[in-house]
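Numbers for residues simply follow the sequence, beginning at 1.
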Amino acid sequence: MHNDSPRIAVASPASVAGAWQKAALTALGPAGIPVALPGAAVSRPWLPAPWGLFLRRDTSATEAACLAAPEASGADLLLCPPGYRDGARLAADFPLGVLEVEAFHPALAGDGALEGRVLWRRATAPGRLETRLAASVATCMEGPLPGGWAANHLAKLSRAPAGILARMGANPETLWNACPPCEPLPSFNPSAWDWLRFAADLARWGLTRAWQDLLHRRQWFLAVRPGGGDPLNPGFSTRPFTPLYPPKGTGWADPLFFSRGGRSWLFIEEIPPSGRGVISVMDFDGKAFGPPRRVLEEPFHLSYPNVFEHGGEVYMLPETSQAGQVRLYRATDFPGGWVLDRVLLEGLRAVDATLVEHGGSWWLMANVRGERGSSWDELHLYKGASPLGPFAPHRLNPVVSDVRRARPAGRIARAGGRLVRYGQDCSGWYGRALAVMEITRLDDDGYEERPLARLEPGLIEGGSFCLHTFDALPGHAPAGGSLADDAQPGLEVVDGQRRIPLWR
């Protein structure tokens, strides 16, 4: 094995070398080696047609550079793309074994999400093969046609080996020991009935959504309940929220509190009939919210208004992904008078950027849309000396590749000595529910989190099929859930989405 970072041979028989291998090699850079495996058996996995097209596209991408045999590559590790089933036989030929990609299997699909896995197989002793889970990704299965999410799923899997290599660094054994044991799933050979059922499920899903939207209009709204925002408190995942509805034709979403000098405000994304979000603010006196006042509007969509104080100034970090930037605004006449202070990240389609100070550094978390990807799936980290930047990307980005929790869903909080992150669950549809995670590691060498709780849209009284942003304000929660009663410790706020019949 080399003393520096390992090198990965990306296997691709010349007959099917395509976009998958090209994407993997691009992500791996100098550490990736295209290699042909003469005589390696390829068993076709069951993949919907657009997936197969993605696997076969750009057939000339790697053929010219293919080597004659794996032994000639000088690689430490072999990457077997979807369709290869020779990993066990080839594991002993490479010092670090092989990576096998399981793109799709019925056992990994369900509840609106499809999971893909990268298995690491090694011959740890003569005649002994061990398999561990090196990486996994989860993608939303949405829409009447599989093309969009299928390409997104394989694009994420093609980038996963580069993340594995970054985690290995110069110490592959440390990563091997940290990966949990995991065996490959049995082969799945679909019948004509399986294909028909798969197509029918997709069609039923798409037609149901289309029919609902044909007869209804959607509206985002807010909902509140007493509480201090501690996910470990009894009833956190079961206590109901009382809705606050906006006027007809508008919407309210992404609620985030800010307090200063004994006063509190709730900043929101206000959605006018045009659909292009603006930032508005509501005064909050501990018992009632004032009417929203528009404080920031741009030629592009704005949402997710993170407001914070630093160095005596008040700043706002809203979502500005349509501008291809992460922009920071400063208040000149708070709560209004916002002006662009600086651009924190340029040329990036980042959504729902969220700041937190930890370990003597400032960390910016955002969901970044990758090539062929969506804005729901992959959480990226950036580090800076202050919330004003400059910010540098984490070497392990994306640190989370899971549609069930990746996208930020509110400010990062500290509760009971824990660092708590709220993440959107977009499995099935956008903003389906909210996952509450405890950050257990956040440093230059890694990021880890574990689940604490979950908030479902059914907690919002009156009906909602979304719940996708959470925030809490200490010290102003009204008793009994009524905004007219005496104050109690804490008020929690979320947003929801409902369908209103067109005739109402």
Does either side chain, that of Ser375 or that of Arg407, offer a donor lying less than 3.5 Å from an acceptor on the other one?
yes

Give a yes or no answer on whether the side chain of Asn171 reaches the backbone of Thr174 with a donor-acceptor pair at less than 3.5 Å.
no

So, Thr320 and Gln325: side-chain donor and acceptor under 3.5 Å apart, yes or no?
no

Are any side-chain N or O atoms of Glu378 and backbone N or O atoms of Pro398, one a donor and one an acceptor, separated by less than 3.5 Å?
no

Strictly by modelled atom types, are Ser427 and Arg404 linked by a side-chain donor-acceptor pair under 3.5 Å?
no

Take the angle between the ring planes of Trp363 and His394 and call it parallel below 30°, perpendicular above 60°, tilted in between.
tilted

So Asn306 and Pro318, do their side chains get closer than 4.5 Å, heavy atoms only?
no

Among Phe308, Trp338, Tyr329, which residue meets the side chain to side chain contact (heavy atoms under 4.5 Å, CB included) test with Val314?
Trp338

Suppose we call two aromatic rings close when their centres sit under 6.0 Å apart. Are His468 and Trp429 close by that rule?
no

Assess, by modelled atom type and distance only, whether the side chains of Gln424 and Asn367 contain a donor and an acceptor separated by less than 3.5 Å.
no

If we ignore hydrogens and angles and just use 3.5 Å, is the side chain of Thr332 paired with the main-chain N or O of Gly337 as donor and acceptor?
yes

Check step by step if ring-ring contact (aromatic ring centres under 6.0 Å, His included) holds for Phe334 and Trp265.
CA-CA 11 Å; Phe334 185 84; Trp265 298 264; 4.8 Å; yes

Does the Lys NZ or Arg CZ of Arg421 fall within the cation-pi geometry relative to Phe470 - under 6.0 Å from the ring centre and within 45° of the axis?
no

